[in-house]
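Just so you know, these numbers use all the heavy atoms, side chains as well, and skip hydrogens, waters and symmetry mates. Every chain is numbered from 1, with letters handed out A, B, ... down the list of sequences. Predicted model only: the values in this text are computed from it and were never measured.
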Protein chains: 2
Amino acid sequence: MPKHAAALNRMFTALADPTRRAMVERLARGPASVSELARPLPMSLPAVVQHLQVLEESGLVASEKVGRVRTCRIEPGALGVAQDWLAQQHAHWTARFDRLDAYLTETKDDDDTPQ
Amino acid sequence: MPKHAAALNRMFTALADPTRRAMVERLARGPASVSELARPLPMSLPAVVQHLQVLEESGLVASEKVGRVRTCRIEPGALGVAQDWLAQQHAHWTARFDRLDAYLTETKDDDDTPQ
DNA sequence: CGAATACTTAAGCATATGCCTAAGCATGCC
DNA sequence: GGCATGCTTAGGCATATGCTTAAGTATTCG
């Protein structure tokens, strides 16, 4: 429903894969080249590059090629999109419980257990 | 790397689909039956039930059947798993920038450029 | 009882995803 | 130049995902 649904799709899809989360965790600690990123991962380099593409399309990661080495880094603002959505849902059901609580408080001394 | 990698997989996979996010958004505003959940969605009821299964396996949603109607509700704590992971990554690259900043501050009045 | 309601189960299908191997480019170094 | 390094491209394949229709099974109600 929000117009950035596509952005959320790409974001959560990117984070849904453990390999890609490992890459994000690695990059959260500092930039890395593609082969540095690939080194600990139990798969071929092309596979890693494909994951990297997903991460870049999600906006979570950016990269720049200098000479023959591509250096990747976290894109700081991007995580916020996901965090905002989660926080908003949290806020909504919190608000709901507040209303429920208010309702119960309002009606509680009138009678006994609201069965 | 964290031992709850599987939980994160299921969580982010569940949230990666716009239909499932719509269902979560609906449930964040209060419980609903399966057909209530399905009503606004442009697909068959079995398809909705499949999405619901994914949401249940992720722990985001719980449901209980009474008579012939299954009532679904948000599982409050679950979102926290995703939020925690995001917050942790955020913390890590923030910490990194702090260290970088400290390093630059520490070396700035001394003399030359590092290296 | 019999029909409507509310799911459930099963099977199938089209497309997407995650991986691989094998070649292909550039770039940097001797 | 010639060769290693670092990534890229291309093709293919196995499995997973998102949906469908059709045919169940339980409840509830007149």
List the steps, then state whether side-chain contact (heavy atoms from CB on, under 4.5 Å) holds for B:Cys72 with B:Leu37. CA-CA 9 Å; B:Cys72 312; B:Leu37 267 183; 4.0 Å; yes
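Note: CG (A:Asn9) to C1' (C:dA16) measures 14 Å, nearest angstrom. Here the C1' atom of nucleotide C:dC19 and the NE2 atom of A:His51 are 8 Å apart, to the nearest Å. Between A:Arg10 atom CZ and C:dA16 atom C1' the separation is 16 Å, expressed in whole Å. Atom pair B:Glu64:CD and C:dA6:C1' shows a separation of 16 Å (rounding to whole Å applied). Protein atom CD of A:Glu57 is 12 Å distant from nucleotide atom P of C:dG18, rounded to whole Å. Per the geometry, CE belonging to A:Met43 stands 21 Å off P belonging to D:dC13, to the nearest Å. Regarding A:Asp17, its CG atom lies at a distance of 18 Å from the P atom of C:dA16, rounded to whole Å. Rounded to whole Å, atom P of C:dC19 lies 14 Å from atom CD of A:Gln53.
For A:Val49, the listed nucleotide lying nearest its side chain is D:dT8; candidates were C:dC7, D:dC19, D:dT8. Taking every side-chain heavy atom of B:Pro46 into account, C:dT8 is the closest of C:dT8, C:dA6, C:dC19. Considering only the side chain of B:Val69, C:dC7 comes nearest among C:dC20, D:dT20, C:dC7. Nearest to the side-chain atoms of B:Leu45 among the listed nucleotides D:dC19, C:dT8, C:dC19 stands C:dT8.
In plain terms, the two heavy atoms of B:Asn9 and A:Arg21 that are nearest each other are OD1-NH2, 2.7 Å. Across every non-hydrogen atom of A:Arg20 and A:Thr13, the tightest pair is NH2-O, 3.0 Å.
Within the structure, every side-chain polar atom (N or O) of A:Ser44 is placed at least 4.0 Å from both OP1 and OP2 of C:dC19. Checking the phosphate oxygens (OP1, OP2) of C:dT8, a side-chain nitrogen or oxygen of B:Lys65 falls inside 4.0 Å. At least one side-chain nitrogen or oxygen of A:Arg20 sits closer than 4.0 Å to the OP1 or OP2 atom of C:dG18. For the OP1/OP2 pair of D:dG18 and a distance below 4.0 Å, the side-chain nitrogens and oxygens of B:Thr19 include no atom meeting the criterion. The phosphate of D:dT8 (OP1 or OP2) has a side-chain N or O of A:Arg70 nearer than 4.0 angstrom.
Taking the nucleotide of DNA chain C with the nearest heavy atom to each of B:Leu52 and A:Val48, the more 5' of the two is matched to B:Leu52. Remark on DNA chain D: of its neighbouring residues A:Gln50 and A:Arg68, the 5'-side contact belongs to A:Arg68, judged by nearest-heavy-atom nucleotide.
Hydrophobic clustering, with ILVMFWY side chains joined whenever heavy atoms are under 4.5 angstrom apart, keeps A:Leu8 apart from A:Val54. The hydrophobic cluster containing A:Val48 does not contain A:Val69, counting ILVMFWY residues as joined when their side-chain heavy atoms lie under 4.5 angstrom apart, directly or transitively.
At the heavy-atom level, B:Ala47 lies under 4.0 Å from base atoms of the strands shown.
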